[in-house]
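These notes are about the structure you will find just below.
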Amino acid sequence: MPFTVIDGVDSVEQTARGVVLECQLIRYELPQTRQREHLREEVERTVPIEISFFRPDVFQFELTATPETPTSGSDHVDADAITTDVDLTVTREDGEILLETAALTVRIGTDPWSFSVTDGTGRTVFKEHRPLAAKKNDPEVWPLGFEEAQTSEWLYSVEKTGIGFDIRPDEHYYGLGEQFTALDKRGQATEAWVSQPHSTDNDRSYKSVPFYLSSYGYGLFVDTDTKTEFSFGAGTRSAVSGEITAHSDTLRFLFVSGPDFEEILKTYTAVTGRPSVPPKWSFGLWASRYSYDTQAEVEQVTRRLREEEIPCDGIHLDISWMREGCISDLEWDTAAFPDPEELIDTLHERGYQLMLIEEPYLTAGSEAFQTALENGYLVSDSSGQPHLLDRLVVSKHRGGIIDFTDPAAVDWWQQKHRDLLEMGVDGFWTDFGEYLPDDAILSNGTSGSQTRNRYPDLYQQTVADSMAAHGRTPLLWSRAGWMGTQRMPVHWGGDSDTTFSSLAATLRGGLSLALSGYGFWSHDIGGFSGTPSSELYIRWAQFGLLSSHARFHGTTPREPWEFDDEALAIFRKFARLRYRLLPYLYTHAVITSRTGLPMMRPLVLHYADDPATRTIETQYLLGRDLLVAPVLTADSSVEVYLPDGEWIDSWSDTRYEGRQTLQLDVPLEEIPLFIRAGSIVPSQEPTQTVQPGPPEQLVLTARLSNGGASGQYYNESSDTMTAVTVSAGSTVELTVDGELPDTVLTVTGIQTTPTDVCITTT
């Protein structure tokens, strides 16, 4: 199989924001035996490479291997969101072309070709890897170029484009979606290809994102919907070089200089989309099971939750709400749920919101399938017939896939949702979406291999738009995702096993996803497949109730009273803690929506300059000020690293200096939870349900560091973010920039007894 590499620059055309380069090519035929060298030949044609700056610190790189055909990027990449004026200087001297802004220098060698990026400090942060041209056999990575497939005896077609790059000895990589492997992707190879792993103990991903962060201060995302492969010195490949390969005839990527991860994520989410703030009630506890089989069972569980005084706001109904053999027709099984309207009214009266599961598939033989078949709403196979598959849905029946590239199919599916919304349903559990065969043909003319990664986005957008058209804030509970799908919260971690190793893998997946632009993420408390031990259930519940969103769910009952009295008491304690922290959680939800920064954050997001944080994947920050270290083993021992600053044990109020590791033996009724000194955390008295508007009494707890503390509180009544600062010496001074409801201020860490209190409102 031949590989054609960029060999030099034939001509240069300067544009308003960069350059277009016509580039010379060399084709290599791979040898058949180790004794032969590559067959090398010059290619008479040239291909264009365009480099354009959107901001001084952001540029787009585009290699088009087949310039005769038009190219386009993802529908969900909005470069206009970040485009500003750029003072760009282009110079050509000594065999190099330099593109210089205040933040970056792109350096291009013209003969031979080379490519590198230098930041504002003069440090080279990205450099193309160029192996020896005459090297025998397949080099460790190919340089910039494209791979061709031999489609017949004489004909070639472009199959992949890619670039190799140098890896520094101290460089670390993060992101690429909800990856359950190690958080630091150095030494790994990852395929950005939406899949159904069926667990969290493997290297496939429900939510793949062709975007990574480098500890050298940049982020890079490939603007494509096709399968994309990343290698960061993996396996038997070179440990000093990485590779990006897109299964496309175009390699288009955006390069974002930070230098810190926070700024890179803000830029990335500005371009690919930020989520709306989910409804406030969604930050309460959600109850679920596979499955609540009858209306009476739902009413019994929701009644018991109130009797046990376990705060809860959401109820999920799994597939049993629909008739067997009619998944996913979005029609109630009235034998099991004889009066859905009455059920919804009862739930609302008890303070619950209802979400219904769905799948983007239809079982053959159902009325909905027949409607879709007759109207052409199903994905086709290569012969033009509906693509019917076994094991597509949770049913013995074969099924078809709804084609969300067909506007008529979208309208039909949305109408089915409008009927449920009229009934009072509050949201939708948009499960699945990972299955789209490579040979599928969609209404817009694309194939399954072209659309598979984007399909979950099309599916979820269809449902979100149906809610928005009904005047509702869209709220989904989705498993699959791609670049930009973070626009439609909430996403959860899929089908984990009921083991401690799956608990740890679930956390790794969530932290990896957090560094991929997803702000709201959850997981199944207790694990999905099997029955957890009481201890595992408790440890998972502690983690789950201190996540962005919280839901218990599994193949067997997950209600806390299904375990033992100790589990019930501890679950209630942490559910109440979650509801106590609602002002803090909701404030950070608004911050996530406005900035793109995730609610759950790996330590490296804020402390990348601390080498100790670069591989930590067993703890996280919830918002900016709470540090959580879930117990991930049955022996209850936890190693907790405290980053820079001062940290306060939430259970004992003991203060610890940062940059140290604590070895803890954690009792079952606790989880390591530390609060950043110098923070002000808003809270309230816990309630049984999430209440709209400000709490009756807001509690601000200022934990001083060096005599001061600061924090934020989102005031729903005025839709404002209120900044609060406290300083304490002889006088305690409270400064409020905005509005607060009735508030109690608690201050800890005062070194001297104050004689006065001063309140300033700005």
Side-chain angles (χ1 to χ4, degrees), residues 71-78 159-162 175-180 185 189-198 202-212 220-231 244-254 268-269 271-273 359-361 379 387 389 392 401-406 410 430-464 476 478-488 491 493-494 509 512-513 515-518 521:
T71 63
S72 61
S74 167
D75 292 339
H76 296 296
V77 172
D78 180 13
E159 188 172 68
K160 304 174 185 177
T161 50
L176 299 180
E178 188 187 47
Q179 303 294 334
F180 303 116
K185 300 302 183 284
T190 300
E191 187 177 78
W193 187 233
V194 172
S195 305
Q196 185 179 4
H198 293 288
N202 58 62
D203 60 359
R204 293 183 295 150
S205 176
Y206 300 104
K207 292 172 276 293
S208 287
V209 182
F211 165 70
Y212 72 84
L220 186 151
F221 68 96
V222 183
D223 180 8
T224 183
D225 289 338
T226 65
K227 180 187 293 185
T228 310
E229 297 159 349
F230 296 83
S231 174
I244 302 168
T245 304
H247 288 232
S248 168
D249 60 3
T250 299
L251 177 66
R252 181 189 301 104
F253 63 79
L254 263 68
Y268 169 74
T269 56
V271 171
T272 60
E359 300 170 6
Y361 317 125
V379 169
H387 212 314
L389 300 164
L392 181 63
I401 304 171
I402 301 170
D403 186 349
F404 292 111
T405 70
D406 181 353
V410 168
T430 41
D431 201 0
F432 288 89
E434 303 91 352
Y435 299 145
L436 195 61
D438 286 356
D439 65 342
I441 303 298
L442 292 97
S443 173
N444 66 352
T446 60
S447 67
S449 61
Q450 293 171 294
T451 309
R452 176 168 167 169
N453 285 328
R454 181 56 61 191
Y455 185 83
D457 194 280
L458 298 170
Y459 163 38
Q460 292 164 38
Q461 188 70 63
T462 296
V463 180
L476 310 180
S478 307
R479 187 171 71 178
W482 181 246
M483 174 179 60
T485 313
Q486 72 270 0
R487 304 183 321 279
M488 297 167 287
H491 290 82
S512 182
L513 191 66
L515 293 178
S516 306
Y518 280 68
W521 172 85

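Counting only distance, with no hydrogens or angles, the side chain of Gln460 and the backbone of Ala480 share a donor-acceptor pair below 3.5 Å. In terms of modelled atom types and a separation under 3.5 Å, the side chain of Tyr459 and the main chain of Asp403 share no donor-acceptor contact. No donor-acceptor pair under 3.5 Å is formed between the side chain of Thr272 and the backbone N or O of Gly484. In this structure, Ser512 contributes its side chain and Gly175 its backbone to a donor-acceptor pair below 3.5 Å. No donor-acceptor pair closer than 3.5 Å links the side chain of Thr245 to the backbone N or O of Gly162. A donor-acceptor distance shorter than 3.5 angstrom exists from the side chain of Asn202 to the backbone of Pro197, with no hydrogens or angles considered. Remark: side-chain polar atoms of Thr405 are paired, donor with acceptor, to backbone N or O of Asn444 under 3.5 angstrom. Of the possible donor and acceptor atoms, none in the side chain of Lys227 sits under 3.5 Å from a partner among the backbone N and O of Ala192.
Between Met483 and Asn453 there is no side-chain heavy-atom pair separated by less than 4.5 Å. Side-chain atoms of Leu436 and Leu442, non-hydrogen and from C-beta on, do get closer than 4.5 Å to each other. Considering only heavy atoms from C-beta on, Tyr212 stays 4.5 Å or farther from Lys185 through its side chain. The shortest distance between side-chain heavy atoms of Pro437 and Ile401 falls below 4.5 Å. Considering only heavy atoms from C-beta on, Ser478 comes within 4.5 Å of His491 through its side chain. The closest side-chain heavy-atom distance from Phe432 to Gln196 is below 4.5 Å. Side-chain contact check for Leu176 versus Phe230: some heavy-atom pair is nearer than 4.5 Å.
Ser516 approaches Gly177 most closely through the heavy-atom pair OG-N, 2.8 Å. Between Phe404 and Pro360 the shortest heavy-atom distance is CE1-CB, 3.7 Å. Here the closest non-hydrogen pair linking Gly273 and Arg487 is CA-CG, 3.7 Å. The two residues Tyr268 and Gln486 have their closest heavy-atom pair at CE2-NE2, 4.4 Å. Nearest approach of Tyr206 to Glu434, heavy atoms of both residues: CD2-OE2, 3.3 Å. Of all the heavy atoms in Gly481 and Val194, the pair that sits closest is O-CG2, 3.4 Å.
Here the OG1-CH2 distance, from Thr451 to Trp482, works out to 12.0 Å after rounding to the nearest 0.5 Å. Here Tyr435 contributes atom OH and Leu389 contributes atom CG; the two are 10.0 Å apart, rounded to the nearest 0.5 Å. Remark: Phe211 CZ to Leu515 CG distance equals 8.5 Å, nearest 0.5 Å. To the nearest 0.5 Å, atom NE2 of residue His247 and atom CD of residue Gln450 are 13.5 Å apart. Expressed to the nearest 0.5 Å, how far CD of Gln461 lies from CE of Met488 amounts to 4.5 Å. To the nearest 0.5 Å, the span separating NZ on Lys207 from CD on Gln179 amounts to 10.5 Å.
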- Intermediate values then yes/no, side chain to side chain contact (heavy atoms under 4.5 Å, CB included), Glu178 and Trp521: CA-CA 10 Å; Glu178 188 187 47; Trp521 172 85; 2.9 Å; yes
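Every pair passing salt bridge (Lys or Arg N to Asp or Glu O under 4.0 Å) that includes a residue from residues 440-454 is listed here, sequence neighbours excluded: Asp225-Arg454, Arg454-Asp457.
In terms of the salt bridge (Lys or Arg N to Asp or Glu O under 4.0 Å) criterion, Glu359 has no residue partners (sequence neighbours excluded).
If you check the side chains of Ser248 and Thr226, you find no donor sitting under 3.5 Å from an acceptor.
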